[in-house]
2 protein chains.
Amino acid sequence: MNEEKLDSIIYFLMDKTVRISKKYSLKRLKEEGFDITIDQWVILLRIHEEEQQTQVELAKAVFKDTASITRILDLLHDKKLVRRIPNENDRRKSSLTLTSKGNSYVNHAKKVVFSIREEGIKGIDPKDIETANRVLRKMAENMG
Amino acid sequence: MNEEKLDSIIYFLMDKTVRISKKYSLKRLKEEGFDITIDQWVILLRIHEEEQQTQVELAKAVFKDTASITRILDLLHDKKLVRRIPNENDRRKSSLTLTSKGNSYVNHAKKVVFSIREEGIKGIDPKDIETANRVLRKMAENMG
DNA sequence: CATTCAATATTGATACATCAATGAACGAAG
DNA sequence: CTTCGTTCATTGATGTATCAATATTGAATG
């Protein structure tokens, strides 16, 4: 009854869909043998695409708090996927790089992540997705 | 550079926008004197609209885990907004009701929440929001 | 009636979010 | 060079999410 009421409120729908998609990704990745969350994945991919970043730069890029970055990096470090190399010029900073294990991990998981993405948007008109993206960006701008 | 890349991926955009809107709501509510998160708000409103629910029913309605419900209710209970009344017929269940403080709290906060919602979608064509809602519902269905 | 299976709520472990406070190191300005 | 303000990364406190395990109770069935 009020289920439908909530499902017509974009804030609720966003939250619900984010939770569903994170859960789904986690399950699918696990099925394919990857013990990683999507939040960890985004960080990993981002380091793969742009090595030698500092944590502040990384935080800006993925729009997360530096505190979150520290903790996610700790987990990726425990999994031997990422290394923090102390910066030569500025001893406060560390440059982030993937280990060789991290590199091959990204290359293998990439295919899985892409297919998960496709599964989630199957049957939706790309034009509508573009519209949704525009709406989301505008909302972020309004409140950010 | 890759900032734009991420901002064209609907999964990332949803996650980012959800985080921004939660942060924004929290700040705005605090400014108006309400010490509550939006997640707590949704639970509170839902109990207001439909009293005597069990936690399982509530969980289904707002699409959260019963574990999350337990913890959010603990916080609302600490704030003296919600009561758990043991069910007469089935001693496993409890029926949820608002305290009188909870009731007036909802009535006052409602206006603030509605105006926060408006602020977030300002300048967006309602048709586009409907499209976004459709997209989100379909994604949830695909992965749920 | 007793055994067994299912439902309800809670709790523990882990992951991620926020904000606030910290320590260390840099940079500029006296 | 010393002081002062800023930046970087980390940590602590708190809120929410997940999954798994538990205790309690109800219901069904032999």
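Every chain is numbered from 1, with letters handed out A, B, ... down the list of sequences.
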C:dA9, D:dA9, C:dA7: which one has an atom nearest the side-chain heavy atoms of B:R92?
C:dA7
Measure across A:A61 and B:L6 and return the closest heavy-atom pair with its distance rounded to 0.1 Å.
O-CD1, 3.6 Å
For the pair made of CG in A:D90 and P in C:dC26, what is the distance, rounded to whole Å?
5 Å
Taking any heavy-atom pair under 4.0 Å as a contact, classify A:N89: base, sugar-phosphate, or nothing.
sugar-phosphate
Of the listed nucleotides (C:dA20, C:dC16, D:dT18), which one gets closest to any side-chain atom of A:A67?
C:dA20
Starting from C1' on C:dA9, measure out to CD1 on B:I69 and report it in whole angstrom.
12 Å
Is the phosphate of D:dA9, meaning OP1 or OP2, less than 4.0 Å from a side-chain N or O of A:S94?
yes
How long is the line joining NZ of B:K27 and C1' of D:dG15, in whole Å?
20 Å
A:I38 CD1 - D:dA17 P separation (whole Å)
14 Å
Side-chain donor/acceptor contact of A:R91 with base of C:dG23 under 3.5 Å:
no
5'-most by nearest nucleotide on DNA chain C - A:E88 or A:D39:
A:D39
Shortest non-hydrogen separation from A:Q53 to A:L58 and the atoms involved
OE1-CA, 3.8 Å
What's the closest nucleotide to the side chain of A:T70 if the choices are D:dT16, D:dT10, C:dA17?
D:dT10
Name the closest nucleotide to the B:T37 side chain, picking from C:dA17, D:dT16, D:dT18.
D:dT16
Measure CG/A:L73 against P/C:dA15 and give the value in whole Å, please.
14 Å
On DNA chain D, does the nearest nucleotide to A:D74 precede the nearest nucleotide to A:K30 from the 5' side, or the other way round? Give the residue.
A:D74
Once you apply a heavy-atom cut-off of 4.0 Å, does A:K23 come out as touching a base, just sugar-phosphate, or nothing?
sugar-phosphate
Would you say B:V82 and B:V42 are hydrophobically clustered, going by side-chain heavy atoms of ILVMFWY under 4.5 Å?
yes
To the side chain of A:Q55, which of C:dA9, C:dC16, D:dT10 is closest?
D:dT10
Value in whole Å for how far the C1' atom of C:dA7 lies from NZ of B:K93:
8 Å
Using whole Å, what does the distance between atom C1' of nucleotide C:dC19 and atom CG of B:L26 come to?
10 Å
Name the one of B:I116, B:V113, B:I38 that satisfies side-chain contact (heavy atoms from CB on, under 4.5 Å) with B:R28?
B:I116
ring-ring contact (aromatic ring centres under 6.0 Å, His included): pairs with one or both residues in residues 78-108 of chain A, sequence neighbours excluded
A:F34-A:Y105
Comparing nearest nucleotides in DNA chain D, the 5'-proximal residue of the pair A:S95, A:R71 is A:S95
B:E32/B:K111 salt bridge by N-O under 4.0 Å criterion
no
State plainly whether the residues B:D74 and B:R84 are in salt-bridge range, i.e. N to O under 4.0 Å.
yes
Quantified as the angle between the terminal helix axes (five pairs each), what is the overall bend of the helix from C:dC1-D:dG30 to C:dG30-D:dC1 to 10 degrees?
10°
With respect to the phosphate group of D:dA9, does any side-chain polar atom (N or O) of A:T66 fall under 4.0 Å of OP1 or OP2?
no
Inspect the contact between A:D128 and B:R134 and indicate whether a charged nitrogen and a carboxylate oxygen are less than 4.0 angstrom apart.
yes
What's the CG-P distance between A:D65 and C:dC16, to the nearest Å?
14 Å
In terms of the nearest nucleotide of DNA chain C, which residue is placed more toward the 5' end: A:Q40 or B:Q53?
B:Q53
Look at the side-chain N and O atoms of A:R84 and state whether any lies under 4.0 Å from the OP1 or OP2 oxygen of D:dT10.
yes
